[in-house]
K.L.:
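Questions regarding the structure given below will be posed in turn.
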Protein chains: 2
Amino acid sequence: MTARTSGSAPAGPGRRDTRQRRLLRDQLSRQEAFVSAQQMYDDLRASGDRVGLATVYRTLQAMTEAGELDVLRSDDGEVLYRQCGPQHHHHLVCRSCGVTVEVDGPAVEKWAAKAGEAHGFTEVTHVVELFGLCAACSRASR
Amino acid sequence: MTARTSGSAPAGPGRRDTRQRRLLRDQLSRQEAFVSAQQMYDDLRASGDRVGLATVYRTLQAMTEAGELDVLRSDDGEVLYRQCGPQHHHHLVCRSCGVTVEVDGPAVEKWAAKAGEAHGFTEVTHVVELFGLCAACSRASR
DNA sequence: CCTTGTAACGAGAATCGTTCTCAATAGTAG
DNA sequence: CTACTATTGAGAACGATTCTCGTTACAAGG
(Lines give C-alpha, C1' and ligand atoms only; values in the text may rest on other atoms or scores of the structure.)
Protein backbone atom coordinates (compact mmCIF):
# COMPACT_ATOMS: atom_id res chain seq x y z
CA MET A 1 0.00 0.00 0.00
CA THR A 2 1.28 3.46 -0.94
CA ALA A 3 -0.03 7.00 -0.74
CA ARG A 4 -3.65 7.65 0.16
CA THR A 5 -2.85 7.71 3.85
CA SER A 6 -2.25 11.38 4.55
CA GLY A 7 -5.48 13.28 4.95
CA SER A 8 -4.37 16.79 4.03
CA ALA A 9 -4.62 17.42 0.28
CA PRO A 10 -8.17 17.12 -1.07
CA ALA A 11 -6.97 14.80 -3.84
CA GLY A 12 -10.32 14.19 -5.47
CA PRO A 13 -11.21 14.50 -9.16
CA GLY A 14 -11.25 17.80 -10.97
CA ARG A 15 -8.19 19.49 -9.58
CA ARG A 16 -5.21 18.49 -11.65
CA ASP A 17 -3.61 21.32 -13.56
CA THR A 18 -3.26 19.96 -17.08
CA ARG A 19 -2.12 21.55 -20.30
CA GLN A 20 -5.54 21.19 -21.93
CA ARG A 21 -7.39 22.77 -19.02
CA ARG A 22 -5.01 25.69 -19.07
CA LEU A 23 -5.61 26.17 -22.78
CA LEU A 24 -9.36 26.15 -22.38
CA ARG A 25 -9.33 28.53 -19.44
CA ASP A 26 -7.10 30.94 -21.37
CA GLN A 27 -9.23 30.91 -24.45
CA LEU A 28 -12.41 31.45 -22.44
CA SER A 29 -10.97 34.42 -20.63
CA ARG A 30 -10.17 36.03 -23.98
CA GLN A 31 -13.70 35.51 -25.31
CA GLU A 32 -16.30 38.27 -25.27
CA ALA A 33 -18.99 36.08 -26.81
CA PHE A 34 -20.74 32.82 -26.07
CA VAL A 35 -19.05 29.94 -27.89
CA SER A 36 -19.81 26.29 -28.46
CA ALA A 37 -17.64 23.33 -27.54
CA GLN A 38 -17.12 22.60 -31.22
CA GLN A 39 -15.93 26.17 -31.82
CA MET A 40 -13.48 25.97 -28.95
CA TYR A 41 -12.18 22.73 -30.34
CA ASP A 42 -11.73 24.16 -33.83
CA ASP A 43 -10.12 27.34 -32.56
CA LEU A 44 -7.67 25.42 -30.44
CA ARG A 45 -6.48 23.15 -33.16
CA ALA A 46 -6.45 26.08 -35.59
CA SER A 47 -3.85 27.68 -33.33
CA GLY A 48 -1.88 24.47 -33.32
CA ASP A 49 -2.87 23.22 -29.90
CA ARG A 50 -3.97 19.62 -29.86
CA VAL A 51 -6.81 18.81 -27.46
CA GLY A 52 -9.32 15.99 -27.75
CA LEU A 53 -12.92 16.85 -28.45
CA ALA A 54 -14.11 14.75 -25.53
CA THR A 55 -11.82 16.69 -23.25
CA VAL A 56 -13.26 19.98 -24.43
CA TYR A 57 -16.76 18.78 -23.66
CA ARG A 58 -15.80 17.31 -20.31
CA THR A 59 -13.91 20.38 -19.18
CA LEU A 60 -16.56 22.85 -20.26
CA GLN A 61 -19.14 20.76 -18.43
CA ALA A 62 -17.05 20.56 -15.30
CA MET A 63 -16.40 24.29 -15.27
CA THR A 64 -20.11 24.91 -15.64
CA GLU A 65 -20.92 22.67 -12.72
CA ALA A 66 -18.29 24.50 -10.72
CA GLY A 67 -20.16 27.71 -11.51
CA GLU A 68 -17.32 29.18 -13.55
CA LEU A 69 -19.27 29.43 -16.78
CA ASP A 70 -22.70 30.56 -17.91
CA VAL A 71 -24.60 28.44 -20.38
CA LEU A 72 -26.93 29.33 -23.20
CA ARG A 73 -28.50 27.29 -25.96
CA SER A 74 -28.42 28.54 -29.52
CA ASP A 75 -31.49 28.30 -31.72
CA ASP A 76 -30.09 25.31 -33.53
CA GLY A 77 -29.52 23.40 -30.32
CA GLU A 78 -25.84 23.92 -29.61
CA VAL A 79 -24.80 24.63 -26.04
CA LEU A 80 -22.82 27.85 -25.72
CA TYR A 81 -20.46 28.81 -22.90
CA ARG A 82 -19.08 32.07 -21.55
CA GLN A 83 -17.03 33.16 -18.59
CA CYS A 84 -19.14 35.53 -16.53
CA GLY A 85 -19.26 37.38 -13.26
CA PRO A 86 -20.38 35.43 -10.19
CA GLN A 87 -23.41 37.51 -9.28
CA HIS A 88 -26.84 36.73 -10.68
CA HIS A 89 -27.38 38.46 -14.02
CA HIS A 90 -28.85 38.08 -17.48
CA HIS A 91 -27.42 38.47 -20.96
CA LEU A 92 -27.91 40.84 -23.84
CA VAL A 93 -26.50 38.92 -26.80
CA CYS A 94 -25.84 40.17 -30.32
CA ARG A 95 -27.61 37.93 -32.79
CA SER A 96 -25.01 38.69 -35.40
CA CYS A 97 -21.56 38.71 -33.79
CA GLY A 98 -22.33 37.14 -30.44
CA VAL A 99 -20.92 39.91 -28.27
CA THR A 100 -22.53 39.77 -24.89
CA VAL A 101 -23.25 42.30 -22.18
CA GLU A 102 -24.20 41.25 -18.69
CA VAL A 103 -27.26 43.07 -17.41
CA ASP A 104 -29.26 42.80 -14.24
CA GLY A 105 -32.92 43.44 -13.68
CA PRO A 106 -34.23 43.71 -10.15
CA ALA A 107 -37.67 44.35 -11.58
CA VAL A 108 -37.65 41.03 -13.40
CA GLU A 109 -36.58 39.07 -10.35
CA LYS A 110 -39.49 40.44 -8.39
CA TRP A 111 -41.97 39.93 -11.18
CA ALA A 112 -40.88 36.30 -11.61
CA ALA A 113 -41.20 35.50 -7.93
CA LYS A 114 -44.58 37.15 -7.71
CA ALA A 115 -45.96 35.52 -10.86
CA GLY A 116 -44.95 32.08 -9.60
CA GLU A 117 -46.49 32.63 -6.21
CA ALA A 118 -49.72 33.93 -7.69
CA HIS A 119 -50.24 30.55 -9.35
CA GLY A 120 -49.27 28.44 -6.37
CA PHE A 121 -45.88 27.46 -7.73
CA THR A 122 -42.89 27.00 -5.43
CA GLU A 123 -39.15 26.96 -6.03
CA VAL A 124 -39.54 29.25 -9.01
CA THR A 125 -36.51 29.96 -11.15
CA HIS A 126 -36.38 31.96 -14.35
CA VAL A 127 -34.59 32.07 -17.67
CA VAL A 128 -34.29 35.54 -19.11
CA GLU A 129 -32.13 36.36 -22.10
CA LEU A 130 -32.18 39.34 -24.46
CA PHE A 131 -31.13 39.16 -28.10
CA GLY A 132 -30.57 41.99 -30.55
CA LEU A 133 -28.06 43.65 -32.81
CA CYS A 134 -25.21 45.42 -31.07
CA ALA A 135 -24.37 48.98 -32.04
CA ALA A 136 -21.62 47.93 -34.43
CA CYS A 137 -23.69 45.30 -36.19
CA SER A 138 -26.70 47.61 -36.39
CA ARG A 139 -24.54 50.16 -38.15
CA ALA A 140 -23.02 47.56 -40.47
CA SER A 141 -26.37 46.26 -41.62
CA ARG A 142 -27.76 49.71 -42.34
CA MET B 1 -53.25 18.75 -68.82
CA THR B 2 -55.78 18.59 -66.03
CA ALA B 3 -56.58 20.62 -62.96
CA ARG B 4 -54.36 23.52 -61.92
CA THR B 5 -56.17 25.96 -64.15
CA SER B 6 -58.75 27.51 -61.87
CA GLY B 7 -57.25 30.32 -59.82
CA SER B 8 -59.60 30.32 -56.86
CA ALA B 9 -58.51 27.71 -54.27
CA PRO B 10 -55.07 28.44 -52.74
CA ALA B 11 -53.94 24.90 -53.45
CA GLY B 12 -50.37 25.28 -52.22
CA PRO B 13 -48.51 23.10 -49.71
CA GLY B 14 -49.56 22.80 -46.12
CA ARG B 15 -53.30 22.74 -46.41
CA ARG B 16 -54.44 19.20 -47.01
CA ASP B 17 -56.58 17.75 -44.27
CA THR B 18 -54.98 14.40 -43.55
CA ARG B 19 -55.67 11.80 -40.91
CA GLN B 20 -52.27 12.29 -39.26
CA ARG B 21 -52.65 16.05 -39.04
CA ARG B 22 -56.05 15.66 -37.46
CA LEU B 23 -54.61 13.26 -34.90
CA LEU B 24 -51.80 15.62 -33.98
CA ARG B 25 -54.06 18.65 -33.74
CA ASP B 26 -56.46 16.72 -31.52
CA GLN B 27 -53.78 15.49 -29.21
CA LEU B 28 -52.25 18.92 -28.88
CA SER B 29 -55.55 20.52 -27.99
CA ARG B 30 -55.95 18.00 -25.17
CA GLN B 31 -52.48 18.70 -23.77
CA GLU B 32 -51.95 21.03 -20.82
CA ALA B 33 -48.18 20.60 -20.86
CA PHE B 34 -45.31 21.07 -23.27
CA VAL B 35 -44.50 17.83 -25.07
CA SER B 36 -41.75 16.64 -27.38
CA ALA B 37 -42.18 15.20 -30.86
CA GLN B 38 -40.99 11.83 -29.57
CA GLN B 39 -43.61 11.87 -26.83
CA MET B 40 -46.36 12.72 -29.29
CA TYR B 41 -45.18 9.87 -31.48
CA ASP B 42 -45.16 7.39 -28.61
CA ASP B 43 -48.53 8.52 -27.32
CA LEU B 44 -50.12 8.24 -30.73
CA ARG B 45 -48.93 4.73 -31.38
CA ALA B 46 -49.74 3.76 -27.80
CA SER B 47 -53.35 4.62 -28.56
CA GLY B 48 -53.18 2.50 -31.68
CA ASP B 49 -52.85 5.30 -34.22
CA ARG B 50 -50.07 4.77 -36.70
CA VAL B 51 -48.20 7.92 -37.74
CA GLY B 52 -44.66 8.17 -39.02
CA LEU B 53 -42.06 9.86 -36.85
CA ALA B 54 -40.96 12.09 -39.70
CA THR B 55 -44.53 13.24 -40.14
CA VAL B 56 -44.79 14.17 -36.49
CA TYR B 57 -41.66 16.28 -36.76
CA ARG B 58 -42.74 17.87 -40.04
CA THR B 59 -46.21 18.71 -38.84
CA LEU B 60 -45.11 20.12 -35.52
CA GLN B 61 -42.58 22.27 -37.31
CA ALA B 62 -45.11 23.49 -39.82
CA MET B 63 -47.62 24.36 -37.13
CA THR B 64 -44.94 26.28 -35.30
CA GLU B 65 -44.05 28.28 -38.38
CA ALA B 66 -47.74 28.97 -38.85
CA GLY B 67 -47.74 30.41 -35.34
CA GLU B 68 -50.10 27.77 -33.96
CA LEU B 69 -47.65 26.41 -31.40
CA ASP B 70 -45.23 27.77 -28.85
CA VAL B 71 -41.81 26.21 -28.56
CA LEU B 72 -39.55 25.56 -25.61
CA ARG B 73 -36.33 23.64 -25.22
CA SER B 74 -35.92 21.20 -22.34
CA ASP B 75 -32.69 21.06 -20.37
CA ASP B 76 -31.61 17.93 -22.16
CA GLY B 77 -32.06 19.52 -25.54
CA GLU B 78 -35.43 18.27 -26.69
CA VAL B 79 -37.76 20.69 -28.39
CA LEU B 80 -41.15 20.89 -26.69
CA TYR B 81 -44.41 22.11 -28.20
CA ARG B 82 -47.66 23.46 -26.82
CA GLN B 83 -50.84 24.99 -28.20
CA CYS B 84 -51.12 28.51 -26.81
CA GLY B 85 -53.06 31.70 -27.08
CA PRO B 86 -52.10 34.08 -29.91
CA GLN B 87 -51.17 37.10 -27.82
CA HIS B 88 -47.62 37.61 -26.58
CA HIS B 89 -47.08 35.86 -23.26
CA HIS B 90 -44.59 33.84 -21.24
CA HIS B 91 -44.80 30.46 -19.52
CA LEU B 92 -44.75 29.23 -15.97
CA VAL B 93 -43.85 25.57 -16.34
CA CYS B 94 -43.91 22.86 -13.67
CA ARG B 95 -40.51 21.17 -13.53
CA SER B 96 -42.12 17.97 -12.38
CA CYS B 97 -45.33 17.37 -14.33
CA GLY B 98 -44.96 19.92 -17.08
CA VAL B 99 -48.25 21.71 -16.54
CA THR B 100 -48.02 25.17 -17.94
CA VAL B 101 -49.70 28.46 -17.19
CA GLU B 102 -49.53 31.38 -19.58
CA VAL B 103 -48.55 34.61 -17.86
CA ASP B 104 -47.85 38.07 -19.15
CA GLY B 105 -45.51 40.69 -17.78
CA PRO B 106 -45.79 44.23 -19.06
CA ALA B 107 -42.99 45.17 -16.68
CA VAL B 108 -40.62 42.70 -18.33
CA GLU B 109 -41.38 43.90 -21.83
CA LYS B 110 -40.51 47.44 -20.86
CA TRP B 111 -37.39 46.44 -18.99
CA ALA B 112 -36.13 44.39 -21.92
CA ALA B 113 -36.61 47.18 -24.42
CA LYS B 114 -34.97 49.68 -22.15
CA ALA B 115 -32.00 47.48 -21.30
CA GLY B 116 -31.31 46.83 -24.96
CA GLU B 117 -31.48 50.48 -25.85
CA ALA B 118 -29.21 51.46 -23.00
CA HIS B 119 -26.45 49.39 -24.58
CA GLY B 120 -27.00 50.54 -28.13
CA PHE B 121 -28.69 47.34 -29.26
CA THR B 122 -31.49 47.39 -31.82
CA GLU B 123 -34.20 44.91 -32.75
CA VAL B 124 -34.19 43.49 -29.24
CA THR B 125 -36.25 40.40 -28.52
CA HIS B 126 -36.42 38.45 -25.30
CA VAL B 127 -36.80 34.92 -24.01
CA VAL B 128 -38.45 34.71 -20.63
CA GLU B 129 -39.61 31.47 -19.06
CA LEU B 130 -40.43 30.60 -15.46
CA PHE B 131 -39.96 27.14 -13.97
CA GLY B 132 -41.11 25.80 -10.63
CA LEU B 133 -43.24 23.19 -8.91
CA CYS B 134 -46.97 23.56 -9.38
CA ALA B 135 -49.24 23.47 -6.33
CA ALA B 136 -50.04 19.78 -6.76
CA CYS B 137 -46.43 18.69 -7.20
CA SER B 138 -45.27 20.89 -4.33
CA ARG B 139 -47.76 19.14 -2.10
CA ALA B 140 -46.79 15.69 -3.38
CA SER B 141 -43.10 16.19 -2.70
CA ARG B 142 -43.68 17.44 0.83
C1' DC C 1 -67.67 8.25 -59.30
C1' DC C 2 -63.17 8.24 -61.85
C1' DT C 3 -59.03 10.47 -63.18
C1' DT C 4 -55.03 13.04 -62.19
C1' DG C 5 -51.63 16.10 -60.29
C1' DT C 6 -49.18 16.53 -56.44
C1' DA C 7 -49.12 17.31 -51.34
C1' DA C 8 -48.20 14.38 -47.73
C1' DC C 9 -46.55 10.00 -45.93
C1' DG C 10 -43.30 6.76 -43.87
C1' DA C 11 -39.32 3.59 -43.43
C1' DG C 12 -34.87 3.87 -43.11
C1' DA C 13 -30.49 6.24 -44.02
C1' DA C 14 -27.92 10.22 -42.85
C1' DT C 15 -26.61 14.32 -39.75
C1' DC C 16 -24.88 16.32 -35.88
C1' DG C 17 -24.01 17.56 -31.31
C1' DT C 18 -22.76 15.21 -27.32
C1' DT C 19 -21.53 11.28 -24.33
C1' DC C 20 -19.30 6.91 -23.38
C1' DT C 21 -15.48 3.36 -23.41
C1' DC C 22 -11.16 1.97 -22.33
C1' DA C 23 -6.35 1.65 -22.98
C1' DA C 24 -2.46 4.99 -22.74
C1' DT C 25 -0.60 9.14 -20.44
C1' DA C 26 0.88 12.34 -17.13
C1' DG C 27 0.13 15.28 -12.72
C1' DT C 28 1.59 14.75 -7.96
C1' DA C 29 2.25 13.36 -3.30
C1' DG C 30 5.56 10.83 -0.74
C1' DC D 1 12.06 8.29 -8.60
C1' DT D 2 7.73 5.66 -7.95
C1' DA D 3 3.26 4.40 -7.47
C1' DC D 4 -1.47 5.89 -7.62
C1' DT D 5 -5.04 7.43 -10.22
C1' DA D 6 -7.07 11.54 -12.44
C1' DT D 7 -7.10 12.81 -17.27
C1' DT D 8 -6.78 12.32 -21.88
C1' DG D 9 -8.08 10.98 -26.66
C1' DA D 10 -9.59 8.09 -30.60
C1' DG D 11 -13.36 6.14 -31.99
C1' DA D 12 -17.73 3.88 -31.04
C1' DA D 13 -22.29 4.76 -29.37
C1' DC D 14 -26.32 7.73 -28.68
C1' DG D 15 -30.41 10.39 -29.29
C1' DA D 16 -32.87 13.90 -31.42
C1' DT D 17 -33.87 15.68 -35.76
C1' DT D 18 -33.65 15.91 -40.83
C1' DC D 19 -33.40 14.04 -45.41
C1' DT D 20 -34.39 10.77 -49.30
C1' DC D 21 -37.38 8.84 -52.29
C1' DG D 22 -40.70 5.52 -53.67
C1' DT D 23 -45.69 5.03 -52.25
C1' DT D 24 -50.22 6.81 -50.77
C1' DA D 25 -54.23 9.47 -50.74
C1' DC D 26 -56.44 14.36 -50.65
C1' DA D 27 -59.30 17.04 -53.59
C1' DA D 28 -60.59 19.49 -57.73
C1' DG D 29 -62.27 18.60 -62.55
C1' DG D 30 -64.65 16.03 -65.67
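In what follows, chains carry the letters A, B, and so on, assigned in the order in which the sequence lines appear, proteins first and then strands, with residues in each chain numbered from 1. The figures that follow rest on heavy atoms only: side chains count, while hydrogens, waters and symmetry mates do not.
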K.L.:
List in chain and number order the residues that pass side chain to side chain donor-acceptor pair (under 3.5 Å) with A:Ser138, two or more places apart in sequence or in another chain; answer none if no residue qualifies.
P.N.:
B:Thr122
K.L.:
From CZ of A:Arg50 over to P of D:dG9, roughly how many Å is that when rounded to an integer?
P.N.:
10 Å
K.L.:
Per the end-axis method with five pairs at each terminus, what is the bend angle of the helix from C:dC1-D:dG30 to C:dG30-D:dC1, to 10°?
P.N.:
30°
K.L.:
Linking directly or through intermediates, with side-chain heavy atoms under 4.5 Å: list the remaining ILVMFWY members grouped with B:Val99, chain and number order.
P.N.:
none
K.L.:
Using atom CG of A:Asp42 as one end and atom C1' of C:dC16 as the other, report the distance to the nearest whole Å.
P.N.:
13 Å
K.L.:
Just to verify, what does B:Tyr81 make a ring pair (Phe, Tyr, Trp, His ring centres under 6.0 Å) with, not counting sequence neighbours?
P.N.:
none
K.L.:
Using a cut-off of 4.0 Å on non-hydrogen atoms, how would the nucleic acid contact of A:Arg58 be classed: base, sugar-phosphate, or nothing?
P.N.:
base
K.L.:
Taking only residues two or more places apart in sequence or in another chain, which ones pass side chain to side chain donor-acceptor pair (under 3.5 Å) with B:Arg19?
P.N.:
none
K.L.:
Tell me, please, which residues at least two apart from A:Ser47 pass side chain to side chain donor-acceptor pair (under 3.5 Å).
P.N.:
A:Asp49
K.L.:
If I take atom CG in residue B:Asp75 and atom P in nucleotide C:dG17, what distance separates them, rounded to the nearest angstrom?
P.N.:
20 Å
K.L.:
Which value, rounded to the nearest 0.5 Å, describes the distance between A:Thr125 atom OG1 and B:Glu129 atom CD?
P.N.:
11.0 Å
K.L.:
Any side-chain N or O of B:Thr55 below 4.0 angstrom from OP1/OP2 of C:dA8?
P.N.:
no
K.L.:
Please say whether more than 12 non-hydrogen atoms of neighbouring residues, nucleotides or ligands are located less than 6.0 Å from CG in B:Asp75.
P.N.:
no
K.L.:
Can you tell me how far C1' of D:dG9 sits from CG of A:Leu60, to the nearest Å?
P.N.:
16 Å
K.L.:
Taking atom P of D:dA25 as reference, at what distance in whole Å does atom CZ of B:Arg21 sit?
P.N.:
15 Å
K.L.:
Taking side chain to side chain contact (heavy atoms under 4.5 Å, CB included) as the test, write out the residues that go with B:Asp17, two or more places apart.
P.N.:
B:Arg22, B:Arg25
K.L.:
Among pairs that include at least one residue of residues 59-68 of chain B, which meet side-chain hydrogen bond (donor to acceptor under 3.5 Å, both in side chains), considering only residues two or more places apart or in two chains?
P.N.:
none
K.L.:
Tell me, which pairs form a ring-ring contact (aromatic ring centres under 6.0 Å, His included) where one or both residues lie in residues 111-133 of chain B, sequence neighbours left out?
P.N.:
B:His88-B:His126, B:His90-B:His126
K.L.:
What N/O pairs connect the protein and nucleotides 16-18 of chain D at under 3.5 Å? Give each pair on its own line.
P.N.:
unit_1: D:dT17; atom_1: OP1; unit_2: B:Val79; atom_2: N; d: 2.9
unit_1: D:dT17; atom_1: OP2; unit_2: B:Tyr57; atom_2: OH; d: 2.6
unit_1: D:dT18; atom_1: OP1; unit_2: B:Gln61; atom_2: OE1; d: 3.1
unit_1: D:dT18; atom_1: OP2; unit_2: B:Gln61; atom_2: OE1; d: 2.8

K.L.:
Atom CE of B:Met63 to atom P of C:dA8: distance rounded to whole Å?
P.N.:
14 Å
K.L.:
Measure the distance from CG on B:Leu44 to C1' on C:dC9 and round it to the nearest whole Å.
P.N.:
14 Å
K.L.:
Using the 3.5 Å cut-off, write out each protein N or O paired with an N or O of nucleotides 25-27 of chain C and the distance between them.
P.N.:
unit_1: C:dG27; atom_1: N2; unit_2: A:Arg16; atom_2: NH2; d: 3.0

K.L.:
Enumerate the residue pairs fulfilling salt bridge (charged side-chain N to carboxylate O under 4.0 Å, His left out) with a member in residues 100-125 of chain B, sequence neighbours excluded, ordered by first and then second residue.
P.N.:
B:Arg82-B:Glu102
